[in-house]
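Letters A, B, ... are given to chains in the order of the sequence lines, protein chains preceding strands, and every chain is numbered from 1. This one's a predicted model, so the numbers in the text were calculated from it and none came from an experiment.
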2 protein chains.
Amino acid sequence: MDLRRDAFQAIADPTRRAILLLVASQAMTAGAIAANFDTARPTVSKHLQILAECELLKQEQNGREIYYHINAKKMKEVADFIEPFRQMWEERFNKLETIMKTHKTK
Amino acid sequence: MDLRRDAFQAIADPTRRAILLLVASQAMTAGAIAANFDTARPTVSKHLQILAECELLKQEQNGREIYYHINAKKMKEVADFIEPFRQMWEERFNKLETIMKTHKTK
DNA sequence: GTTGTAGTTAATATTGGTGTTAATAAAAAT
DNA sequence: ATTTTTATTAACACCAATATTAACTACAAC
């Protein structure tokens with residue numbers, strides 16, 4: 001069977017989503033990231049590994065510390081999947097807006 | 001039994017993403033959907049169940065047939081998560097554009 | 001009522017992912 | 001050089017998810 005290791009699989013886990021939002025504001029070390037969660041450090045480390053493997057995070061060694069940077073562009077894969085659906089729900093919204101406008105002008 | 005049941009988990013599976021894209025164009029019965037895949041019908045049925053549970057699909061009974069409709073608006077949950085990251089990668093693009101403009105005007 | 005079709009549910013096997021503790025690696029501080 | 005700090009890898013247990021076949025329910029047509 002396939003070993004699914006893509007952005008969709010990565011953001012399926014709530015802890016990983018929290019890590020991404022946390023790192024989005026600024027690059028952080030694994031320890032600093034783990035400090036924000038109840039789970040043990042190796043567990044966070046594994047999540048970071050998965051996120052790095054999916055290229056949602058980039059590692060940057062700085063002496064003995066490793067900084068994790070966000071790679072926002074990789075989210076585009078997910079965004080591209082959602083785009084057609086976004087068009088669907090916005091189309092419906094626009095229709096509703098048009099109806100409301102015609103009501104007002106009456 | 002099944003714990004994590006949200007839109008993120010739902011779209012983590014490639015088969016489910018394919019189902020969503022398939023049903024997006026028009027509502028279909030479970031059999032018609034299953035005909036598009038190699039997997040057995042009960043497997044597709046379970047995927048449909050999960051998608052319905054997450055409210056990405058809506059069921060509509062019509063005699064003995066059950067039609068599955070897309071619920072595009074539910075994708076907004078995922079879109080909302082991605083939005084801040086989208087701003088990040090577009091901001092970088094805008095910066096680049098600004099630099100290129102200043103180069104031109106020189 | 002019996003037959004055929006649409007679809008789900010049950011029971012089961014297998015694989016994948018999460019999380020823990022313990023061991024290991026590497027760099028800074030003393 | 002030894003200790004401390006930072007972080008990953010290893011070994012293991014456990015739960016969740018995917019998939020299959022077989023059995024079951026519901027509806028329609030005859």
Next on the checklist: Counting only heavy atoms from other residues, nucleotides and ligands, does the tally under 6.0 Å from CG of A:Asp38 exceed 12?
Outcome noted: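 Not more than 12 within 6.0 Å, no.
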
Checklist entry - Would A:Cys54 and A:Arg5 count as a side-chain contact (heavy atoms from CB on, under 4.5 Å) if you check the C-alpha gap in whole Å, the side-chain angles of each, and the deciding distance to 0.1 Å? => result CA-CA 6 Å; A:Cys54 299; A:Arg5 257 316 131 81; 4.1 Å; yes

Checklist entry - Quick one: do A:Glu77 and A:Lys74 make a salt bridge, cutoff under 4.0 Å? => result yes

Next on the checklist: Please report whether the ring centroid of A:Phe8 lies less than 6.0 Å from that of B:Phe8.
Outcome noted: no

Counting only heavy atoms and a strict 4.0 angstrom limit, can you tell me which residues of [range] come near DNA chain D?
range                     : result
residues 57-69 of chain A : A:Arg64, A:Ile66, A:Tyr68
residues 23-30 of chain A : A:Thr29, A:Ala30
residues 13-22 of chain B : B:Asp13, B:Arg16

Measure from [atom1] on [X] to [atom2] on [N] and round the result to the nearest Å.
X       : N      : atom1 : atom2 : answer
A:Ile11 : C:dG17 : CD1   : P     : 15 Å
B:Glu53 : D:dT18 : CD    : P     : 12 Å
B:Arg41 : C:dA6  : CZ    : P     : 7 Å
A:Ile33 : D:dA7  : CD1   : C1'   : 12 Å
B:Leu48 : C:dT9  : CG    : C1'   : 14 Å
A:Asp6  : C:dG17 : CG    : C1'   : 14 Å

Shortest non-hydrogen contact from [X] to [Y]?
X       : Y       : answer
A:Arg17 : A:Ala12 : NH1-O, 3.3 Å
A:Leu22 : A:Phe37 : CD2-CE1, 4.1 Å
B:Trp89 : A:Ala72 : CE3-O, 3.1 Å

Next on the checklist: What verdict does the side-chain contact (heavy atoms from CB on, under 4.5 Å) test give for B:Met28 and B:Asn36, after you've listed the backbone C-alpha separation in whole Å, the side-chain angles of each residue and the deciding distance to 0.1 Å?
Outcome noted: CA-CA 11 Å; B:Met28 297 171 76; B:Asn36 287 274; 3.9 Å; yes

Checklist entry - How far apart are the C-alpha atoms of A:Val78 and B:Phe81, what are their side-chain angles, what is the distance that settles it, and do they pass the side-chain contact (heavy atoms from CB on, under 4.5 Å) test? => result CA-CA 10 Å; A:Val78 182; B:Phe81 170 73; over 6 Å; no

Kindly list each side-chain donor-acceptor pair under 3.5 angstrom involving residues 60-70 of chain B, sequence neighbours excluded, with atom names and distances?
from	atom 1	to	atom 2	distance (Å)
B:Glu60	OE1	B:His69	NE2	2.5
B:Gln61	NE2	B:Gly63	O	3.3
B:Tyr68	OH	B:Gln59	NE2	3.3

Next on the checklist: Quick one, A:Arg16 with A:Leu56, criterion side-chain contact (heavy atoms from CB on, under 4.5 Å). Give me CA distance, side-chain angles, the key distance, then yes/no.
Outcome noted: CA-CA 10 Å; A:Arg16 286 198 286 267; A:Leu56 286 171; over 6 Å; no

Next on the checklist: Going by side chain to side chain donor-acceptor pair (under 3.5 Å), name the residues that satisfy it together with B:Gln26, two or more places apart in sequence or in a different chain.
Outcome noted: none

Item to check | Option among A:Ile50, A:Asn71, A:Leu48 that satisfies the side chain to side chain contact (heavy atoms under 4.5 Å, CB included) test with A:Leu57 | outcome: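 Of all the options given, the one that passes is A:Leu48.
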
Checklist entry - Side-chain N or O of B:His47 less than 4.0 angstrom from OP1 or OP2 on D:dA19? => result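 Yes, because at least one side-chain N or O of B:His47 sits under 4.0 Å from OP1 or OP2 of D:dA19.
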
Next on the checklist: Quick check on D:dT18: is either OP1 or OP2 less than 4.0 Å from any side-chain nitrogen or oxygen of B:Thr43?
Outcome noted: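 No, outside the criterion.
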
Check nucleotides 9-11 of chain D for protein N or O atoms closer than 3.5 Å to its own N or O atoms and list the pairs.
from	atom 1	to	atom 2	distance (Å)
D:dT9	OP2	A:Gln49	NE2	3.0

